[in-house]
2 protein chains.
Amino acid sequence: MERMERPVKAVNRAVNDLGGYIRAQRATAQISLRQLAKRAGVSNPYLSQVERGLRKPSAEILQQIANALRISAEALYVRAGILESRPGGPVVDAILADTELNDRQKQVLLDVYTSFRGENAASGAVPVRDPEPRDEPESRESRDGTAVHEAVRSESEE
Amino acid sequence: MERMERPVKAVNRAVNDLGGYIRAQRATAQISLRQLAKRAGVSNPYLSQVERGLRKPSAEILQQIANALRISAEALYVRAGILESRPGGPVVDAILADTELNDRQKQVLLDVYTSFRGENAASGAVPVRDPEPRDEPESRESRDGTAVHEAVRSESEE
DNA sequence: CAGCGTTGCTAACTATTGCAAGCACATTGC
DNA sequence: GCAATGTGCTTGCAATAGTTAGCAACGCTG
């Protein structure tokens, strides 16, 4: 049933592989393309095209797909090129942008954060992963986090 | 030159008024619709339609407009319904999602962050705002923050 | 085996985005 | 006054997103 795919639109086959990512998440969830399409409220042929990189879905469609897959829409946005991660990382940026903190507090938080990060790098220890509040298996979540970081680096190089 | 606008698509006239926001930002920047369109790399009739809520621009167009206005694309995404703010806030979410921190470190950071926020709330002091790295006047930035929160609530009710 | 259901995909179609050509009006300088 | 230029908008159209109808292949069951 699996057909050989021709090389179509190499751009969509780059590191930032939205379609491949959606397909992988769907496989992990062990649901068919039609089931996902139904849950997401999109047509199954269209989802097929998206997965194969033949179409570029809107943010609205990405949101629907993300919801159906129980993953963050941001993960899809980043791969679709709608969102970029920031060079300082999400935590640094969020702290700097918080209008309810003064400069001193921001600096303290950043220092603590940086020392924690340095602590982990020095020990080489794999941090204990906490279960995410979402109803997702841990394996899927950690893959998501890792993939986001990889996508960030490849985009910075562009 | 200002013509009376008919009530068009009341949905686009809601709290989440993307077009009105773009027009306001443009007015603040004191540039004409054509100048902004040129800077953004979009057609001026289309920008006109976007401002009047007649069209729903893609994320790509929003990004171009944001860049031309020297504002964050996220600000436009939120108003376009592409992004939502999170209930825990960006800092809490970023910390929880950081795969390079272990549970203990996350908890410590969250405790510090929470105590800082409580500290400010108890004293009622207006935290000293650090100048945003962007070239935006403070008045505009605070207005943006307020509007984001309002937009979130209206979307939750849907 | 035949029948049925599921699967992912093709092709034609509809809906919408975004653009080009052009309009009416306002402003500026001679 | 006039011509030149600037302004925001209208209209028609091309391109693309997204859907519908249907196909071929596969797996399961009696």
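Atoms considered below: every heavy atom in the structure, side chains included; atoms not considered: hydrogens, waters and symmetry mates. Naming convention: chains lettered A, B, ... in sequence-line order (proteins, then strands); numbering from 1 in each chain.
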* Structure fact -> Taken to the nearest 0.5 Å, the spacing of B:Gln105 CD from A:Tyr113 OH works out to 10.0 Å

* Structure fact -> Separation of C:dT17 atom C1' from B:Leu47 atom CG, nearest Å, is 14 Å

* Euclidean distance, atom OH of residue A:Tyr46 to atom P of C:dG8 [Å, nearest integer] -> 18 Å

* Take A:Ile82 and B:Tyr77, measure what side chain to side chain contact (heavy atoms under 4.5 Å, CB included) needs, and give me the verdict at the end. => CA-CA 9 Å; A:Ile82 292 173; B:Tyr77 290 163; 3.8 Å; yes

* Structure fact -> Output for pair (B:Leu36 CG, B:Gln25 CD), nearest 0.5 Å, gives 10.5 Å

* To do: Hey, could you give me the CG/OG1 distance between B:Leu69 and B:Thr28, rounded to the nearest 0.5 Å?
  => 9.5 Å

* Report the distance from atom NZ of B:Lys56 to atom C1' of C:dT17, rounded to the nearest whole Å. => 11 Å

* To do: Please check the phosphate of C:dG8 (OP1 and OP2 only) for any side-chain N or O of A:Arg26 closer than 4.0 Å.
  => yes

* Structure fact -> Of the candidates D:dC9, C:dT10, D:dA17, the side chain of A:Arg52 sits closest to C:dT10

* To do: Give the rounded distance in Å between these two atoms: CZ of B:Arg55 and P of C:dA15.
  => 14 Å

* Nearest-angstrom distance from the residue atom CD1 of B:Ile82 to P of C:dT17 -> 12 Å

* Electrostatic pair A:Lys56-B:Glu60, nearest N-O below 4.0 angstrom -> yes

* Derivation of the side chain to side chain contact (heavy atoms under 4.5 Å, CB included) call for A:Ile65 and A:Ile71 -> CA-CA 9 Å; A:Ile65 292 171; A:Ile71 62 174; over 6 Å; no

* Answer yes or no: is there a donor N or O on one side and an acceptor on the other, between the side chain of A:Gln30 and the main chain of A:Ala27, under 3.5 Å? => no

* Among all residues two or more places apart in sequence or in another chain, which pass the side chain to side chain contact (heavy atoms under 4.5 Å, CB included) test with A:Pro57? -> A:Leu18, A:Tyr46, A:Val50, A:Ile61, A:Leu62

* Asked: Cut-off 3.5 Å, side chains only: do A:Asp111 and A:Gln107 have a donor facing an acceptor?
  -> yes

* Structure fact -> Per-helix bend value, the helix from C:dC1-D:dG30 to C:dC30-D:dG1, C1' rotation axes over five pairs per end, 10° rounding, shows 10°

* To do: Determine which pairs satisfy salt bridge (Lys or Arg N to Asp or Glu O under 4.0 Å) with at least one residue from residues 30-39 of chain A, sequence neighbours left out, and list them in order.
  => none

* For A:Gln49 and C:dA11, give me the distance from atom CD to atom P, rounded to whole Å. => 11 Å

* Nearest-Å distance for atom pair CG/C1', residues B:Leu54 and D:dT10 -> 11 Å

* Asked: OP1 or OP2 of D:dT7 less than 4.0 angstrom from a side-chain nitrogen or oxygen of B:Ser32, does that happen here?
  -> yes

* side-chain hydrogen bond (donor to acceptor under 3.5 Å, both in side chains) involving A:Ser48 - partner list, sequence neighbours excluded -> A:Arg52

* To do: Measure from CD on A:Gln30 to P on C:dT7 and round the result to the nearest Å.
  => 13 Å

* To do: Give, ordered by number, those residues of residues 57-66 of chain B having at least one heavy-atom distance below 4.0 Å to an atom of DNA chain C; if nothing qualifies, reply none.
  => B:Pro57, B:Ser58, B:Ile61

* **Residues touching DNA chain C, which here means a heavy atom under 4.0 Å, drawn from residues 34-45 of chain A** => A:Arg34, A:Gln35, A:Asn44, A:Pro45

